[in-house]
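Residue numbers count from 1 along this sequence. Treat the numbers as computed from the prediction; the structure is a model and nothing was measured.
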Amino acid sequence: MENPEEHAFLYELYTMTQGDTSARVSMYDIGAALGLEKTAAGSMAESLFIQGYAELKTLSGSISITVEGLGALDIDLPEGTGGSGLNLGKGQVIEASGHEIVNRLLSDVKKEMAQGKKAYPQMEEVVMDIKTIEVQMLSPKPKTSIIKEIFRSLHQNLKQSSSPALTEKLHTIISA
């Protein structure tokens, strides 16, 4: 993160949430603590959303820090998230922290596919895998083994033609 103001805003978010990715705090309270007006605080938070370091939780301005945000601050990740923060849990059902991880990883895959460098059959298969994960996540008890298996399929499909960072994330999630 190159912008020191954004870094300060993200660090204040970390401080106010005590590093808990499920905790929410008002972006305006963070801005006030840093001496920012509401519009400046909103712009700063928006920049963090775009980078994936924070997430908007309510329309009134409640935000939370993400696993990526903790990583950007070089903060050790909480117990149970694994060294990379990419762990769906050991149980049959995906743990609450795993929901955010699945959503982030799907977002990364979608961004990769939007670049349009893939052959149509490959794109079609990836889209079906994405849709399968999205449907599984609609379940009140999404199954860890099903999600991992679909991520395994995505990894196989994308490992030759995608960014190394995405490939590594997919490898980490299926290995955890």
Side-chain angles (χ1 to χ4, degrees), residues 1 6-7 9-11 13-14 17-25 27 44-59 62-91 93-115 118 123 125-159 161-176:
M1 177 177 306
E6 287 178 2
H7 188 273
F9 194 92
L10 184 61
Y11 188 78
L13 172 60
Y14 164 74
T17 61
Q18 298 177 336
D20 183 354
T21 57
S22 63
R24 300 174 182 182
V25 66
M27 70 175 92
M44 196 74 62
E46 185 177 308
S47 178
L48 294 177
F49 302 153
I50 291 168
Q51 296 174 69
Y53 298 148
E55 185 172 40
L56 182 66
K57 292 295 188 177
T58 66
L59 294 176
S62 290
I63 64 174
S64 64
I65 194 164
T66 64
V67 172
E68 290 85 354
L70 293 173
L73 292 172
D74 293 326
I75 304 294
D76 289 334
L77 297 170
E79 283 291 316
T81 60
S84 66
L86 296 175
N87 190 337
L88 301 177
K90 300 289 183 204
V93 175
I94 292 180
E95 297 173 0
S97 62
H99 287 261
E100 180 181 337
I101 293 167
V102 169
N103 290 333
R104 291 273 177 229
L105 203 45
L106 280 179
S107 176
D108 290 348
V109 170
K110 289 176 184 178
K111 286 177 189 171
E112 180 71 24
M113 295 311 294
Q115 294 177 1
K118 316 292 182 266
M123 286 184 80
E125 185 175 348
V126 170
V127 167
M128 289 302 121
D129 284 344
I130 290 169
K131 293 298 180 193
T132 304
I133 290 175
E134 289 173 343
V135 168
Q136 182 62 211
M137 294 305 289
L138 292 174
S139 168
K141 295 181 179 180
K143 309 305 182 274
T144 306
S145 60
I146 293 172
I147 298 297
K148 277 190 176 183
E149 214 38 57
I150 299 166
F151 278 135
R152 188 177 322 283
S153 171
L154 284 167
H155 180 258
Q156 284 297 113
N157 203 325
L158 298 174
K159 71 181 177 181
S161 61
S162 293
S163 72
L166 176 59
T167 303
E168 182 59 33
K169 286 180 185 179
L170 289 168
H171 177 73
T172 301
I173 201 98
I174 61 179
S175 299

Are the side chains of Val126 and Glu112 in contact, using a 4.5 Å heavy-atom criterion? no
Name all residues meeting the side-chain contact (heavy atoms from CB on, under 4.5 Å) criterion together with Tyr14; count only those two or more places apart in sequence or in a different chain, and write none if there are none. Tyr11, Ile65, Leu70, Leu73, Ile75
Report the distance from atom CD of Glu125 to atom CG of Asn157, rounding to the nearest 0.5 Å. 4.5 Å
Would a 4.5 Å heavy-atom cut-off, applied to side chains only, mark Pro142 and Val93 as touching? yes
Within the 4.5 Å heavy-atom criterion, are Arg24 and Thr58 side-chain neighbours or not? yes
Please list, chain by chain and in numerical order, all residues satisfying side chain to side chain donor-acceptor pair (under 3.5 Å) with Arg152, sequence neighbours excluded. Glu149
Write down the atom of Lys143, the atom of Ser139, and the distance for their closest heavy-atom approach. NZ-OG, 4.4 Å
Under 4.5 Å between any side-chain heavy atoms of Ile133 and Ile146, yes or no? no
All side chain to side chain donor-acceptor pair (under 3.5 Å) counterparts of Glu46, not counting sequence neighbours: none
Please tell me if the side chains of Ile63 and Phe49 come closer than 4.5 Å, counting only heavy atoms from C-beta onward. yes
Rounded to the nearest 0.5 Å, how far does CD1 of Ile150 lie from CD1 of Ile130? 11.0 Å
Contact between Phe9 and Met27 at the side-chain level, heavy atoms closer than 4.5 Å - yes or no? yes
Using a 3.5 Å distance criterion without hydrogens, assess whether the side chain of Thr66 forms a donor-acceptor pair with backbone atoms of Gly52. yes
Checking Ser145 now: which residues fulfil side chain to side chain donor-acceptor pair (under 3.5 Å) with it, not counting sequence neighbours? none
My understanding is that only residues two or more places apart in sequence, or in another chain, count here; which of them pass side chain to side chain donor-acceptor pair (under 3.5 Å) with Ser153? Asp129
Measuring only between side-chain heavy atoms, which start at C-beta, is Lys148 closer than 4.5 Å to Thr144? yes
Listing, residues 99-110 side-chain donor-acceptor contacts under 3.5 Å, not counting sequence neighbours, or none:
residue: Asn103; atom: ND2; partner: His99; partner atom: O; Å: 3.2
residue: Asp108; atom: OD2; partner: Lys169; partner atom: NZ; Å: 2.7
residue: Lys110; atom: NZ; partner: Glu134; partner atom: OE2; Å: 2.6

Gln136 side chain to Ile147 main-chain N or O, any donor-acceptor pair under 3.5 Å? no
In short, Ala23 meets Ser64 closest at the heavy-atom pair O-CB, 3.1 Å
Residues at least two apart in sequence or cross-chain that pass salt bridge (charged side-chain N to carboxylate O under 4.0 Å, His left out) with Lys57, listed by chain then number, are Glu55
What I want to check is whether the side chains of Gln51 and Glu68 have a donor and an acceptor closer together than 3.5 Å. no
